[in-house]
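Take a look at the structure set out below.
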Amino acid sequence: MEKKVFERTKGLTEILMRYCPGCGHGVVHRLVGEVMEELGITNRTIGIAPVGCSVFADEYFNCDMIQPAHGRGPAVATGIKRVRPDCIVFSYQGDGDLASIGMAETIHAAARGERITIIFVNNAIYGMTGGQMAPTTLLGMKSTTTPFGRDPRVAGYPIKVCELLATLEAPAYLARVSVHKPANVLKAKKAIKKAFQVQMNDQGFSLVEILSQCPTDWFVTPLQGIDFVEKMMIPFFPLGEYKTIEGKKETVKPEPKKVLETV
Amino acid sequence: MEKKVFERTKGLTEILMRYCPGCGHGVVHRLVGEVMEELGITNRTIGIAPVGCSVFADEYFNCDMIQPAHGRGPAVATGIKRVRPDCIVFSYQGDGDLASIGMAETIHAAARGERITIIFVNNAIYGMTGGQMAPTTLLGMKSTTTPFGRDPRVAGYPIKVCELLATLEAPAYLARVSVHKPANVLKAKKAIKKAFQVQMNDQGFSLVEILSQCPTDWFVTPLQGIDFVEKMMIPFFPLGEYKTIEGKKETVKPEPKKVLETV
Amino acid sequence: MYQGVIMSGFGGQGIISAGILLAYAGMTDGKYVTFFPAYGAEMRGGTANCSVVISSEEIASPVVAYPDTLVVMNEPSLARFEASVRKGGLLLINSSLVAGKPKRDDVKVQYIQANEIAEKMGTTKIANMVMIGAYSKLTGAISFEGLKKSLQKVFPRARQEIIDLDSEALKKGMEAV
Amino acid sequence: MYQGVIMSGFGGQGIISAGILLAYAGMTDGKYVTFFPAYGAEMRGGTANCSVVISSEEIASPVVAYPDTLVVMNEPSLARFEASVRKGGLLLINSSLVAGKPKRDDVKVQYIQANEIAEKMGTTKIANMVMIGAYSKLTGAISFEGLKKSLQKVFPRARQEIIDLDSEALKKGMEAV
Amino acid sequence: MPRIEVDTIRCKGCELCVVACPYKVIGMSKKFASTGYYPAVMVKPEKCTGCTLCALVCPDVAIEVYK
Amino acid sequence: MPRIEVDTIRCKGCELCVVACPYKVIGMSKKFASTGYYPAVMVKPEKCTGCTLCALVCPDVAIEVYK
Amino acid sequence: MDEKLLMKGNEALAEGAVRAGCRFFSGYPITPQNEVPEYLSWRLPEVGGTFIQAESEVAAINMLYGASACGARVMTSSSGPGISLKQEGISYISGANLPIFYANVMRGGPGLGNIAPSQGDYFQATRGGGHGDYRVIVYAPNSVSEMGNFPKRCYDLAEKYRIATMVLTDGLLGQMMEPIEFDFEPVDPAKLPEKDWALGNAEGRERRVIRSYDLRPGYLEKMTLKLAEKYKEIEEKEVKFEAVQVEDAEILLVAYGTSSRISKSALMLGRKEGIKIGLLRPITLWPFPSKIISDLSERIKKILTVEMSLGQLVEDVKLAVEGKAKVYLHGRPSGGIPTGEEVLEVIKKIMKS
Amino acid sequence: MDEKLLMKGNEALAEGAVRAGCRFFSGYPITPQNEVPEYLSWRLPEVGGTFIQAESEVAAINMLYGASACGARVMTSSSGPGISLKQEGISYISGANLPIFYANVMRGGPGLGNIAPSQGDYFQATRGGGHGDYRVIVYAPNSVSEMGNFPKRCYDLAEKYRIATMVLTDGLLGQMMEPIEFDFEPVDPAKLPEKDWALGNAEGRERRVIRSYDLRPGYLEKMTLKLAEKYKEIEEKEVKFEAVQVEDAEILLVAYGTSSRISKSALMLGRKEGIKIGLLRPITLWPFPSKIISDLSERIKKILTVEMSLGQLVEDVKLAVEGKAKVYLHGRPSGGIPTGEEVLEVIKKIMKS
Ligand SMILES: Cc1ncc(C[n+]2csc(CCOP(=O)(O)OP(=O)(O)O)c2C)c(N)n1
Ligand SMILES: Cc1ncc(C[n+]2csc(CCOP(=O)(O)OP(=O)(O)O)c2C)c(N)n1
Ligand code: SF4
Ligand code: SF4
Ligand code: SF4
Ligand code: SF4
């Protein structure tokens, strides 16, 4: 008898996705949907859509969703999680959203160790607004606001978010993956699952950075897009786990006030 | 004949400083003033006073000064330096100013490699507003908003700014010093001087983090204050240089667009 | 003389550049012109449309609520805009892509197999030019010379062959009606 | 009965807690009261002052522009507030710290060696209480009982010895005038 | 027989499935769909193993795989 | 003879100079200044070496050192 | 209900919010409202609530967005500069129809300004400092008691209309102490009716979405017209004001908050001298008590607005009066605090003119 | 002067700023103003200027604060949500008396809203969305030509008065193309008079300080009263408006920007039918042309405000009219664009009433 061996996850709604041909957002959406379904948490998950191409994520994920201001996903997630610790909370964000305007919120939610999961789609460009430089745009890369290629003297250097956050105490899981090839898609899904599990186990803050294609704003075809991820992005943004719960030591809570009383 | 072997630097104005007894800000002010004087740059330096106890720095430093919004020193410095690359620009900031509300501006100015110098006074507390928790408040430490001691589960973990910024490509000089003892004061001055020189040599972004006492809001005497720096702060915030220009490799500027054209 | 035009189709069909060309040609002809794109979120796909006004008098509002001419480049556009066309106006339909028929009987309807014509010339990408050519012929609102002169302005970085091809497509469009 | 009071001195002289005590005592006595500190940037040093109103009727404005009583705890305060005291009002001066003499001759002036008195009791920190004691005696606006009962409310975490000492200082202040 | 089904309403013709398929099962239709895109089709259906690699990379969840 | 001068308008009596001085030259005045603070004074002036350590830690730049 | 407490206005505000069911606060320190977060940092944990010192005002308001989306009674507070930073968030919250409560303890502006009491943020509060068409219900207490009791009213209205509500107060009311009695029973938020729009566990119901956007042509306009209906209803039903001795008044003072108390001083001083002064105190600044002012202006031909700003409230007064009476302004900006005597002088001048 | 160019409004704005001497831009992308930064990202380097894509709108406005403090002609631009985030900075800049120029290319709000043209940020622009008493000079272009030519006027006024100036426009004017001629000679900023307050090299002069605060009691009030004097002078001298066929009008339309063009359409349609319609277009929204409107209202008893919002401009009109004429509103919020025909319908209804 014929069996469906790959079917659309119930973690996503039936609504058609508005992303461009070859865009990585769709794959990431599917993976998050599958993970929610497999972990059986779709009903008690609250997702946060960013301002960015994936603003529409609030229509695509089959869970309660909220759409807040640009860059403030981690702050909104904090508010939600503190009020509903029984719910699973994820914030889906692009690179502009998370690492440019939202940098402070990202770092502080991580530093606080909020029990939230961030799905961070790094496509090295601002998609929705039409291809401006992102904080992760590679050096030399053209965008509509770096028409001669990103010059570090003028526009600075791309930021490596996982590396940055890994210097903080609180994050429990940080990983960088990509979705440009089947093998990578499988690894990406594992990382996303782990990130949700870390939250479910109350272990701390988790974030998965996903290198993703934006053929439209890179001005390439979808196929060239996956090549760009492979040849240009991965060498600069190395894939891997940057922090895992295993490596995390128990927090010692010193009491400076006592010291003060005795000095 | 009697000689003055220690006199008030011309880098400071004559105005009385409003800081509390035993506060570290005054020492840091003097060091910056001395460095400006010794480097002969007082006349072409533009200083930025923060919002914090040292908001009054705009009266104390003997150079052109500007006082902007809370946390935005690095952005203001960027605007100034880009318009006046011939001037030396420093932004003087407290921990709340720099690492809480101003986190995004700090990281992005650093990532852009702005040719500015940040004097970052870390006293683990909000001084001016009366002793609320800072992003650098130690675990267990009491403040007016962590009345039972900072609990990481509620208020997160203190942030180590030098370590965080050291993950970025652009910063040319990052160091952490203290001013609680004469020997440390001398080292602090060296670091501040180096930071200004890095800027004068157009080598990149520089920041000196100075552990400093706030006896008032720690609710201790000035003498207990310097003990607190020694016994509690330094163990958590290790002193030293976190990035120096020597270790900095030349930037390779890849040209992804070329790659794209050939894929 | 006053012509309010709406052009509508898929994103990627060159609706916007066709509209700009129209406006440029109008200006070149010495008319007052305005062009206004219904810009959307920038992602590909979806529909794109724009409004162009060409007038011998100063233009008050650039908003075209009731077009004198509607240029329809895909199916959904017909449904969306058909009703708004002014009585006696013109409905220009790219029948290569639009199967449906308009319900209006108080407007002039003209079908053009723009994609077929373009494909014969080598690429469907110039179907928009075919439609513009047809528009120019049918309404006389803009001249072929105006269009031709404007091509280089609208596509300043385009190679001459491309310009020539566009110009050829304009002509084919004129011939098709 | 209406008393607008301004207390002024260095930061650290307990101006604020003395003002709160005044207000609390007034409330305990069944009066309407308001207390308003001239809060500044929170750093130590500089001057501190506060306004207290004690009234048998509802208080409209808590702002004391023209005090009935001015309690002066340091030199700069005299200069700053002297002129504002209402004609016939009271000027209560801690002469331990204030060397200057007021110029007004239309107000009642009372000097108290508050620091000396307090120092004899073991700490200058209670000089503020000495002044409050004197104020209570001179104006009758608040009762000693009211003050005594209020001490524990204003300093809820203070040990009994401290409270007793404060209470003693209030008494000494009353005796000093 | 293993096979895929491409939802032509969802497919945007990006061709990622084409290169993902190790057996070159998939090609692109010459006719565009009502969406304006040219959807993927099985060009060598007989070679399909039902490995799901194409579905894994499809950004539009347009592929379902049967075995 | 080496000595320090304390500006009593600037000094806020924090005592940091007292502990910084290796020769215990400095003590605190018993009388407060017009600022309300008790300023530092040389209590063993003869021991001063002019090492400037006190001045280095003084947060109010209240000390000048002569030699 | 309660024993009389002598409380700071800021603490009354914080305690009042907790008693009204607030269980989530996120905020960032700023003078002169620091007592609010400081108080809540120990008080909220006591009742099982959450206190977060946010990294910034921007983060604070967005934490509120999330927490209120889950149905909690939430609060933030700040002063001028911080409230400015919150404007984007407030606009989002308004667009998303979320009920929140916040306070602006005004200080002198513009810019860093100073920390003295002021009323320069009236426009920002009543006209929406953020982008787009939206309104916030603005309560203006004038005593420590009202500081403590108004949060309850705000929460009730916020949830009734799904709207942002605020208390607009200033450093004087925040820092002053006065006896206070709470006029309501403490609210147990667990016993409030469930919100049929709140995010949470979707088991057994349709998934819910909270957003402030609609990119489809025409849809957002409809959303905003719905907002407009709500605003109209509020303008009709929720106006609050206090009228003092207006019956025989020959001059009407209009003032809110701190300046209304100063105005009352002036009224009392003036009445003693036989000057017939009345006082109209808007308690809600939006919706504004236009009707009563309009009505009074039929009879009282001199109206003096007293405010601690260059003149902002005065516009609403003029809009209400529509030329029927002469409207004067006594404004002291950026930390200037008028006195009753001073206001009386102005009144006398006007009476002579 | 120039050949006629067919330009996008946003590009005209950017080019106009550069020709007016702008040499520093910092901004953050947002639709529908992206063409501004995109254009300047290549155009400014061409003239030796600086383009920075800031990390956020907050950073962008604060970069401006620094750059303008050094005397440069500076610019930022954004749309609703981004302008909201800039309010704190604008308040600081105003308090510090710094001359800046910025643009709000309005879109539909509140919240994320949509990216359609709208006029919902009128209050924010004219009343100061930030904290404290301050004003910003607001120019409202209604054509691509004006988009290109107004930056020059803004810079001149900004420097004359040391004040923040802005162009309040919308997505339609930003996105539309129209022929444009620049009406001024390009400004070489190096030839502008030196600013005796600008930061830089202090050799041979007193050090300079730029700040927006004064914590000493009473001082800030004086600073703000100085601001008030400046504002008064501007209100007296810098009002700009356009009056169309008001002489014989029986109904007066008041509208700015995009809606003034739509209103003009209505006027032309109506005049054809013999309806005597006039149009008063405020070119400066602050200072507002109150006097002319007040004067006209002596004679024209029906006034219709046409705006793309729930009704914001209408308040300024009412404040000017002071009850002398009946003021009506036709408002389409959040991306609704009225048409000339639609406005004419409204006019006809009013004429009948
Ligand atoms: C406060 C604010 N600033 C700017 C914008 C405009 N904006 C919308 S999406 C976006 C960036 C999108 O880029 P990214 O986060 O990388 O996501 P992507 O679209 O690439 O998925 C920007 C700047 C906004 N909506 N709000
Ligand atoms: C936007 C804004 N938020 C908050 C404040 C209030 N505020 C003034 S100083 C300060 C923090 C000061 O702490 P820090 O930066 O650590 O410096 P310190 O006073 O300890 O030297 C705060 C929160 C403000 N002025 N503006
Ligand atoms: S613009 Fe880029 S990120 Fe956005 S949908 Fe298209 S491909 Fe994806
Ligand atoms: S409060 Fe702390 S940081 Fe501020 S001046 Fe006093 S001691 Fe220094
Ligand atoms: S990967 Fe999906 S969307 Fe792309 S061509 Fe294949 S089926 Fe279509
Ligand atoms: S260190 Fe300076 S301020 Fe402190 S006591 Fe010594 S001289 Fe006075």
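Chain letters run A, B, ... following the sequence lines, proteins first and then strands; every chain starts at 1.
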### Summary
Ranking H:Gly340, H:Pro32, H:Ser259 by heavy-atom pairs under 4.5 Å to chain C gives rank one to H:Pro32
### Query
Does C:Glu58 CD have over 12 foreign heavy atoms under 6.0 Å away?
no
### Query
Side chain, backbone, both or neither: which part of H:Leu172 has a heavy atom under 4.5 Å from chain C?
both
### Query
Is C:Arg86 salt-bridged to H:Glu341, going by a charged N under 4.0 Å from an acidic O?
yes
### Message
Can you confirm whether H:Lys302 is buried at NZ, in the sense that more than 12 heavy atoms of other residues, nucleotides or ligands lie under 6.0 Å from that atom?
### Response
yes
### Task
For residues H:Gly171 and C:Phe36, report the shortest heavy-atom separation together with the two atoms involved.
O-CE1, 4.0 Å
### Query
Crowded around C:Lys120 NZ? As in, over 12 foreign heavy atoms under 6.0 Å?
no
### Message
So for H:Ala266, is it side chain, backbone, both, or neither that comes closer than 4.5 Å to the heavy atoms of chain C?
### Response
neither
### Query
Side chain, backbone, both or neither: which part of H:Glu342 has an atom under 4.5 Å from a heavy atom of chain C?
neither
### Message
Do C:Thr34 and H:Met177 have side chains that approach each other closer than 4.5 Å (heavy atoms only, starting at C-beta)?
### Response
no
#### Entry: Neighbour count >12 (heavy atoms, 6.0 Å) for atom CD, C:Glu57
no
### Query
Is the number of heavy atoms from other residues, nucleotides or ligands within 6.0 Å of NZ (C:Lys101) greater than 12?
yes
### Message
Would you say that H:Lys264 contacts C:Ser61 through its side chain, given a criterion of any heavy-atom pair below 4.5 Å between the two side chains?
### Response
no
### Message
At a 4.5 Å cut-off on heavy atoms, which part of C:Tyr66 comes close to chain H: side chain, backbone, both, or neither?
### Response
side chain
### Query
Does C:Val63 offer a backbone N or O that forms a donor-acceptor pair with the side chain of H:Arg261 under 3.5 Å?
no
### Query
Which value, rounded to the nearest 0.5 Å, describes the distance between H:Gln175 atom CD and C:Phe35 atom CZ?
9.0 Å
### Message
Between H:Pro117, H:Ser143, H:Ser260, H:Pro338, who has the most heavy-atom pairs with chain C when the cutoff is under 4.5 Å?
### Response
H:Pro117
